[in-house]
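Contents: one structure, followed by commentary.
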Amino acid sequence: MKAIVFEQPGDADVLRYADAPDPQPGAGELLVRVRASAVNRADILQRRGGYSPPPGASAILGLELAGEVAEDAGEWRAGERVMAVVTGGGYAELAAVPAGMAIRIPAQFGFEQAAAIPEAFLTAYLNLFTLGRLKAGEIVLIHAGASGVGTAAIQLARAAGARVFATAGAAAKLELCRALGAELAINYKTEAFAERVAEASGGQGANLVLDFVGAPYWEANMAALAPYGRLMLIGFLGGSRGALDIGAILGKSLTVAGTTLRRTPLDQKVALTRAFAEFALPRFASGELRPVIDRTFDLADAADAHRYVESNASAGKVVLKVGV
């Protein structure tokens, strides 16, 4: 098969479109003919040498895909359209997918739209509901609101009846957040988000914060949270080290947690996939939820796609088209 490969960590120039061994699906896995994948920040970290795949995962980049089942397996028939989160291998023409992770693609979506769903929406669902325990009427502050996970989280939280506040750093990205359902869109470059959250919430603060930035946002996140609030750490794009004042955690009885979907045990990911599908598939069908795609590249041009994501210009997902 053709795939994106690299021998040594480095910048986007290390990525090559080349031949790679076909995957051999194991027990309980599907062989999927990949039609589209998408770029995630974790792919870029792995390419740079900062994020090794978990044991047993494909060394090929790509944490999500959409395609067709290549051969009958269990309840799945060849030709059925599926989308899934994978621990690696999405940047290729074929991939092995645990059957429990496969989700039927909604009829109205093409492969490129479907490829923009799995990683973003499952990560958002995990952090909002499974771990974040978000309830209707609560306030959630979503940083990087125009990112792939951010655009998914805004829609999911709104669909669950929560009040949604979001941050972004450009006028077009702020408008996108509002269009997706954010009640308050905050320009983090020109405004103090903790102050804006306090004003908009009548001094209450946010019940839940989803943060991708890390250490630079620690103090402001603590200030933005309501008593008994929850902070979900999804990434540390701004750095992971800094002075840590835990006073607010005790003073407000806060909960701080971190997670990565990639390293979540398979049985938990299967349960998450089922819960997400039950909640989201009817809402995709009705149009209440939708994938947000910024730009599509051919798989062979994955290096250009990485450079584009690294420029921070994208809003929503950057998709890779595989094959015809």
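Taking Arg163 as the reference, Glu183 meet the salt bridge (charged side-chain N to carboxylate O under 4.0 Å, His left out) condition, with sequence neighbours excluded. Not a single side chain to side chain donor-acceptor pair (under 3.5 Å) links Arg158 to another residue, sequence neighbours left out. With sequence neighbours left out, Tyr308 forms a side chain to side chain donor-acceptor pair (under 3.5 Å) with Asp294. Scored by the salt bridge (charged side-chain N to carboxylate O under 4.0 Å, His left out) test, Asp245 finds no partners at all (sequence neighbours excluded). Shown here are the side chain to side chain donor-acceptor pair (under 3.5 Å) partners of Arg274, two or more places apart in sequence or in another chain: there are none.
Tyr51 forms part of a hydrophobic cluster together with Leu45, judged by ILVMFWY side-chain heavy-atom separations under 4.5 Å.
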task: List the steps and the verdict of side-chain hydrogen bond (donor to acceptor under 3.5 Å, both in side chains) for Arg262 and Gln46.
output: CA-CA 12 Å; Arg262 190 180 197 183; Gln46 183 174 334; 2.9 Å; yes
task: Under the ring-ring contact (aromatic ring centres under 6.0 Å, His included) rule, what do His143 and Tyr188 come out as? Steps first, then yes or no, please.
output: CA-CA 9 Å; His143 291 303; Tyr188 68 83; 8.4 Å; no
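Distance CD1/Ile234 to OG1/Thr259: 9.0 Å, rounded to 0.5 Å. Here the CH2-CD1 distance, from Trp218 to Ile246, works out to 9.0 Å after rounding to the nearest 0.5 Å.
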Can you give each donor-acceptor pair under 3.5 Å made by side-chain atoms of residues 106-118, sequence neighbours left out, with the distance rounded to 0.1 Å?
{"residue": "Gln108", "atom": "NE2", "partner": "Phe284", "partner atom": "O", "Å": "2.6"}
{"residue": "Gln113", "atom": "OE1", "partner": "Gly110", "partner atom": "N", "Å": "2.9"}

Which pairs would a plain distance check flag for residues 22-31, meaning a side-chain donor or acceptor within less than 3.5 Å of a matching protein atom at least two apart in sequence or in another chain?
{"residue": "Asp22", "atom": "OD1", "partner": "Met1", "partner atom": "N", "Å": "2.9"}
{"residue": "Gln24", "atom": "NE2", "partner": "Asp22", "partner atom": "O", "Å": "3.4"}
{"residue": "Glu29", "atom": "OE1", "partner": "Gly26", "partner atom": "N", "Å": "2.7"}

Please list, one pair per line, the donor and acceptor atoms closer than 3.5 Å that link side chains of residues 87-97 to other protein atoms, with sequence neighbours excluded.
{"residue": "Tyr91", "atom": "OH", "partner": "Asp43", "partner atom": "OD2", "Å": "2.8"}
{"residue": "Tyr91", "atom": "OH", "partner": "His306", "partner atom": "NE2", "Å": "3.1"}
{"residue": "Glu93", "atom": "OE1", "partner": "Lys2", "partner atom": "N", "Å": "2.9"}

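Applying the salt bridge (Lys or Arg N to Asp or Glu O under 4.0 Å) rule to pairs touching residues 50-64 yields Glu64-Lys317, sequence neighbours excluded. Applying the salt bridge (Lys or Arg N to Asp or Glu O under 4.0 Å) test to every pair with at least one member in residues 213-230, sequence neighbours left out, gives these pairs: Glu138-Arg230. Applying the salt bridge (Lys or Arg N to Asp or Glu O under 4.0 Å) rule to pairs touching residues 300-309 yields Asp13-Arg307, Asp304-Arg307, sequence neighbours excluded.
Side-chain contact between Leu299 and Ile4: present, with at least one pair of heavy atoms (C-beta onward) separated by less than 4.5 Å. You'll find the side chain of Val270 stays beyond 4.5 Å of the side chain of Leu272, heavy atoms only. Contact check for Arg104 versus Trp76: side-chain heavy atoms found under the 4.5 Å cut-off.
In this structure, Glu195 places its CD atom where only 12 or fewer heavy-atom neighbours from other residues, nucleotides or ligands lie under 6.0 Å away.
Among Leu128, Leu141, Leu231, the one residue that satisfies the side-chain contact (heavy atoms from CB on, under 4.5 Å) test with Leu210 is Leu128. Shown are Arg77, Arg33, Arg35; of these, the salt bridge (Lys or Arg N to Asp or Glu O under 4.0 Å) with Glu68 is made only by Arg35. Exactly one of Asn127, Leu225, Val140 qualifies for a side-chain contact (heavy atoms from CB on, under 4.5 Å) with Val209. That residue is Leu225.
Using the six-membered ring where Trp is involved, Phe279 and Phe129 have ring planes that are tilted, between 30° and 60° apart.
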